[in-house]
Amino acid sequence: MSGRAIVVTSGKGGVGKTTATANIGLSLASRGQKVVLIDGDIGLRNLDLILGVENRVVYNIVDVVSGRCQPRQALVKDKRISSLFLIPASQIDQKEAINADQMRDLSTQLKEEFDFVLIDCPAGIEQGFRNAVAAADEAIVVTTPDVSPVRDADRVIGLLQGSLGEPQLIINRMSMAMVKRGDMLDQQDVLDILAIRLLGIVPEDEAVVIAGNKGAPVVLNGGSPSGDAYGRIARRILGEDVPIPELNGHSSFAKRLGQFIFGR
Amino acid sequence: MTLTERIQIFFGKSGSGSKDAAKNRLLLVLQDDRLGLTGEKKEALRKDILAAIRKHLDIDAEGFTMEFMSSATDQKEMRVTAPVQLGRGAVNLSK
Ligand SMILES: Nc1ncnc2c1ncn2[C@@H]1O[C@H](COP(=O)(O)OP(=O)(O)O)[C@@H](O)[C@H]1O
Ligand SMILES: [Mg+2]
């Protein structure tokens, strides 16, 4: 078997890569896929915390590539969904503790056993980024609809050209209220600028923060707008044709009339 | 929601519409990023173009600026505009 290795990247930090990796991974696993997540953010380990498995981390990725343990010893198994695993980052090492060849080898090995290898990329475009990309066959670029993340996303898309296939885009933290006011780039604006394929849109959602607090990503509790969005994204990754809900904020006359009359 | 806000929403026009500024600025800066067009390169280009024009026309070197604009509709298109101020000699000649 050879699974798909996908890197989740952005250039800019803090746009939602780790959140996306956790939720897409859980969602794919809950659909029967065997999934391993790699925390590629060496020195700034977070994915274990977001997943809520931080207490069970023993070995990490640097232990694996330096031969201090076998890959399977470093796998942290999720207790909620049994086909999801994590290889945590090391918290004390530098990005340079691993090189691109080692990452590629690890990923090749994992693809033998897993349907999906998802790599959570660190911010930036240096060694950590190059390592994460080396391990992948495909890329998901995450951005928020703000000027700096979009600019950085464009840079990353440029860097990915040639090495990986055409990346797909997730626009995270979209606020419908702001889009309606004309104070936030809408999906069409972002696509006009970046000119890549859209994988999905995730709304701004308090549930993400609460999920982070609890170590229980939003897809685990149905009903949140962000969790639903990640569920749809996972289905699209699996090849299902799931329409992207129209979130571009052009409200209909009837809706505006309703808002005018009822004030909401 | 205040009445003004409601009226604004009714006409589809609340907020400051700042996203247009975001989009235009991004298209511009990304064009430079993608071309690797640094400020230094732009300055060198400006000087070369100025020199080329001045070989044929008497124009004012002081105020010669170039503006690089991307097209909002076609990513493959860039417009370079350089308004030319005619120099003293040229103005005298045309008299
Ligand atoms: N859709 C969302 N709505 C609200 N907050 C979000 C959303 N996505 C991410 N966040 C918040 O943004 C912050 C950064 O997210 P994270 O996934 O750690 O980004 P990155 O890995 O790109 O640095 C976190 O505090 C997270 O809770
Ligand atoms: Mg992260």
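Just so you know, these numbers come straight off a predicted model, no measurement behind them. Chain letters run A, B, ... following the sequence lines, proteins first and then strands; every chain starts at 1.
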Does atom [atom1] of [X] have more than 12 heavy-atom neighbours, drawn from other residues, nucleotides or ligands, at distances under 6.0 Å?
{"X": "A/Glu166", "atom1": "CD", "answer": "yes"}
{"X": "A/Arg4", "atom1": "CZ", "answer": "yes"}
{"X": "B/Glu43", "atom1": "CD", "answer": "yes"}

Could you go through B/Lys19 and A/Asp183, starting from their C-alpha distance and side-chain angles, then the distance that decides it, and tell me whether this counts as salt bridge (charged side-chain N to carboxylate O under 4.0 Å, His left out)? CA-CA 5 Å; B/Lys19 76 133 178 182; A/Asp183 277 328; over 6 Å; no

If I take atom [atom1] from residue [X] and atom [atom2] from residue [Y], how far apart are they, to the nearest 0.5 angstrom?
{"X": "A/Arg151", "Y": "B/Leu30", "atom1": "CZ", "atom2": "CG", "answer": "7.0 Å"}
{"X": "B/Arg34", "Y": "A/Ile157", "atom1": "CZ", "atom2": "CD1", "answer": "8.0 Å"}
{"X": "A/Ile193", "Y": "B/Leu27", "atom1": "CD1", "atom2": "CG", "answer": "5.0 Å"}

Given side chains that start at C-beta, do those of A/Leu185 and B/Leu26 come closer than 4.5 Å, heavy atoms only?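 The answer is yes; the side chains approach within 4.5 Å.
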
Given A/Asp189 and B/Asp20, is the side chain to side chain contact (heavy atoms under 4.5 Å, CB included) satisfied, shown in steps? CA-CA 9 Å; A/Asp189 295 324; B/Asp20 293 333; 6.0 Å; no

Salt bridge (charged side-chain N to carboxylate O under 4.0 Å, His left out) between A/Asp192 and B/Lys23: does it pass, once the steps are laid out? CA-CA 9 Å; A/Asp192 285 347; B/Lys23 189 171 185 180; 2.8 Å; yes

